[in-house]
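Note sheet for the following structure.
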Amino acid sequence: MGKLNNANESSLKIINAYLNEGWFRIAENMGFQCLKIESKDPRLDGIDSLSGTEIPLHYICKLATHAIHLVVFHERSGNYLWHGHLRLKGHIDKKFVPFQKLQFGRYPGAFDRPELQQVTIDGLTVRIPKNPVHFLEEIPHSRFIECRYKEARAFFQQYLDDNTVEAMTFRKSAKDLLQLAAKTLKKLGVRFWLSSGTCLGWYRQCNIIPYSKDVDLGIFIQDYKSDIIIAFQDAGLPLKHKFGKVEDSLELSFQGKDDVKLDIFFFYEETDHMWNGGTQAKTGKKFKYLFPKFTLCWTEFVDMKVHVPCETIEYIEANYGKTWKIPVKMWDWKNSPPNVRSNGIWPISEWDEVIQLY
């Protein structure tokens, strides 16, 4: 497979012209054989009248033993770029090129929008990311999964959406809080993902659950930074409580506007599972919530590019059981989750450190 920056001048002319109307004709006149991969535009899946519209995702052109793979990046509403899955349809020659060697397309991907700069390669002017190292580092962690709009529509046919003023006000406040939290954590360089009820809302109904009353995020304990509390307070979010400690069962809660709080759960990794802790303030009882091991994928939620567990269904079923599709408004964090376990009690001598209420 020929690398793009090793391609000859005619190949680069194709790249500059690939979105023009005469793309295939120009390429074929140069002696290339070309393949175009299209699929439904996922940005329109939430709009019944427009879903099904196809967009170009990949172009592959070959000449003799060399091939050029052009990946089409599309803008998404969260101010990021997305590319689609290179899915071969039935009529496509599976031997057109060694597809397994292509770096892009094994799964959809999401990337920060790069600032571009012009450079000259072999006398030809092309554009590349101004920070190519950051772009290259994103590639192995770029996997993207879509919100399940079809299933969300089915959910709302069975359970009517809450469109009261109170529900819409909460969703707006929760969205603002999530955006502020994401901005704060990005400045710190701390990875996070949608957890608990916020993750369930994304997966089940592509929206914030209006009766959840908070925003839930997960962070791996190895990504913890000592200035995280100060950073949130500087962003206008006072600390509501701090339970546990870095070595064990840490969780933080911050007070947002309109009585919406932000809960951050820190996850600890064991040999065959992960867990986050919980603490009952009045008794010092400790709880542990067990999850199967998971990795992180990007998704789009309330006009944001955010992480969720790639193994989403396993994550949600661990937390909410097999009946997660049924809305439950009465939820006891100490007893309701099927993955909760008793984890002892904090020694009274440590209470001042591990149970801090504000």
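Please read all numbers here as calculations on a predicted model, not as lab measurements.
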Inset, instruction - Could you pull out all residues at least two apart from C206 that satisfy disulfide bond (SG atoms under 2.5 Å apart)? - result: C147

Could you give the side-chain donor-acceptor pairs of residues 221-234 under 3.5 Å, partners two or more places apart or in another chain?
unit_1, atom_1, unit_2, atom_2, d
D223, OD2, R191, NE, 2.9
D223, OD2, R191, NH2, 2.9
K225, NZ, L188, O, 2.5

Inset, instruction - For this output row, return yes or no: ring centroids of Y80 and W298 closer than 6.0 angstrom. - result: no

Inset, instruction - May I ask you to check whether over 12 heavy atoms, not counting those of K285, lie within 6.0 Å of atom NZ? - result: no

Legend entry - Nearest atoms (heavy-atom pairs only) where P210 meets K213: O-NZ, 3.7 Å

Inset, instruction - Taking Q205 for its side chain and W202 for its backbone only, find out whether a donor-acceptor pair lies under 3.5 Å. - result: no

Inset, instruction - Please state whether the rings of F111 and H83 are parallel, tilted or perpendicular, taking 30° and 60° as the class boundaries. - result: tilted

Inset, instruction - Kindly indicate whether the side chain of R341, heavy atoms from C-beta on, has any atom under 4.5 Å from the side chain of L290. - result: yes

Inset, instruction - Answer yes or no: is there a side-chain heavy-atom contact under 4.5 Å between I208 and T198? - result: no

Inset, instruction - Would you please name every residue forming a salt bridge (charged side-chain N to carboxylate O under 4.0 Å, His left out) with E115, sequence neighbours left out? - result: K130

Legend entry - Audit row: H69, V71, side-chain contact (heavy atoms from CB on, under 4.5 Å) steps and yes/no: CA-CA 6 Å; H69 180 197; V71 183; 3.6 Å; yes

Inset, instruction - Looking only at non-hydrogen atoms, find the nearest pair between E38 and P56 and report the distance. - result: CG-CA, 4.0 Å

Legend entry - Hydrophobic cluster (4.5 angstrom, side-chain heavy atoms) - remaining members for F156: F155, Y159, I326

Legend entry - By side chain to side chain donor-acceptor pair (under 3.5 Å) - contacts of Q179 (at least two apart): none

Legend entry - Q117 side chain vs I128 backbone, donor-acceptor pair below 3.5 Å: no

Legend entry - Among W324, F294, Y320, ring pair (Phe, Tyr, Trp, His ring centres under 6.0 Å) partner for Y315: F294

Inset, instruction - Is it possible for you to say whether M274 and F266 belong to one hydrophobic cluster, with membership spreading through side-chain heavy-atom contacts below 4.5 Å? - result: no

Legend entry - Side-chain cluster (under 4.5 Å, hydrophobic types only) that V165 belongs to, other residues: none

Legend entry - Backbone N/O of I145 and side chain of T299: donor-acceptor pair under 3.5 Å: yes

Legend entry - Donor-acceptor contact below 3.5 Å, side chain D216 vs main chain G197: yes

Legend entry - Approximate separation, where rounding is to 0.5 Å, of F301 CZ and H307 NE2: 15.5 Å

Legend entry - Pairs touching residues 65-78 that satisfy salt bridge (Lys or Arg N to Asp or Glu O under 4.0 Å), sequence neighbours left out: E75-R113, R76-E146, R76-E300

Inset, instruction - Answer yes or no: is there a donor N or O on one side and an acceptor on the other, between the side chain of H85 and the main chain of L57, under 3.5 Å? - result: no

Legend entry - Flag side-chain contact, heavy atom, 4.5 Å: F254 against K240: no

Inset, instruction - Answer yes or no: is there a side-chain heavy-atom contact under 4.5 Å between L102 and H58? - result: no

Legend entry - Centroid separation Y211 to W331 less than 6.0 Å: no

Inset, instruction - Working to the nearest 0.5 Å, report the span between CD1 of I345 and OG1 of T279. - result: 10.5 Å

Inset, instruction - Give the ring-plane orientation class for Y268 versus W275, where under 30° counts as parallel, over 60° as perpendicular and anything between as tilted. - result: parallel

Inset, instruction - Would you list the pairs meeting ring-ring contact (aromatic ring centres under 6.0 Å, His included) in which at least one residue belongs to residues 333-358, sequence neighbours left out? - result: F287-W333

Inset, instruction - Could you state whether F267 and L262 fall into the same hydrophobic cluster, counting links through intermediate Ile, Leu, Val, Met, Phe, Trp or Tyr residues with side-chain heavy atoms under 4.5 angstrom apart? - result: no

Inset, instruction - Give a yes or no answer on whether the side chain of D41 reaches the backbone of R43 with a donor-acceptor pair at less than 3.5 Å. - result: yes

Legend entry - Aromatic plane relationship, F144 with W82 - under 30° parallel, 30 to 60° tilted, over 60° perpendicular: perpendicular

Inset, instruction - Taking the side chain as every heavy atom from C-beta outward, state whether S249 and N343 have any atom pair closer than 4.5 Å. - result: yes

Legend entry - K183 atom NZ: more than 12 heavy-atom contacts under 6.0 Å: no

Legend entry - Test: R204 and E151 ion pair at under 4.0 Å: no

Inset, instruction - Take the angle between the ring planes of F220 and W193 and call it parallel below 30°, perpendicular above 60°, tilted in between. - result: tilted

Legend entry - S142 side chain to Y107 side chain, donor-acceptor N/O pair below 3.5 angstrom: no

Inset, instruction - Please check if the side chain of K293 supplies one atom and the backbone of E270 the other of a donor-acceptor pair under 3.5 Å. - result: yes

Inset, instruction - Just grab all the disulfide (SG to SG under 2.5 Å) pairs involving residues 306-358, residues at least two apart or on different chains. - result: C297-C310

Inset, instruction - Can you sort out the partners of H141 under side chain to side chain contact (heavy atoms under 4.5 Å, CB included), two or more places apart, ordered by chain and number? - result: none

Legend entry - Side chain to side chain, L178 and L194, heavy atoms closer than 4.5 Å: yes

Inset, instruction - Kindly give the heavy-atom pair with the smallest separation between D214 and F170, and that separation in Å. - result: N-CZ, 3.6 Å

Legend entry - Non-neighbouring partners of K62 that pass salt bridge (charged side-chain N to carboxylate O under 4.0 Å, His left out), sequence neighbours left out: none

Legend entry - Exam field: side chain R106 to backbone Q100, donor-acceptor pair closer than 3.5 Å: yes

Inset, instruction - Taking the side chain as every heavy atom from C-beta outward, state whether F104 and L86 have any atom pair closer than 4.5 Å. - result: no

Legend entry - Nearest non-hydrogen partners of C199 and T312, listed with the distance: SG-CG2, 4.2 Å

Legend entry - Other residues, nucleotides, ligands: >12 heavy atoms within 6.0 Å of D272 CG: yes

Inset, instruction - Look only at the side chain of D112 and the backbone of P114, and say whether a donor-acceptor pair between them is shorter than 3.5 Å. - result: no

Legend entry - Donor-acceptor contact present, side-chain D162 to main-chain T164, <3.5 Å: yes

Inset, instruction - Using side chain to side chain contact (heavy atoms under 4.5 Å, CB included) as the criterion, list what pairs up with K172, not counting sequence neighbours. - result: D176

Inset, instruction - Provide the closest heavy-atom pair for P42 versus Y149 in the form atom of the first, atom of the second, distance. - result: O-CE1, 4.3 Å

Inset, instruction - Considering non-hydrogen atoms only, spot the tightest contact between A235 and T184 and give its length. - result: CB-OG1, 3.6 Å

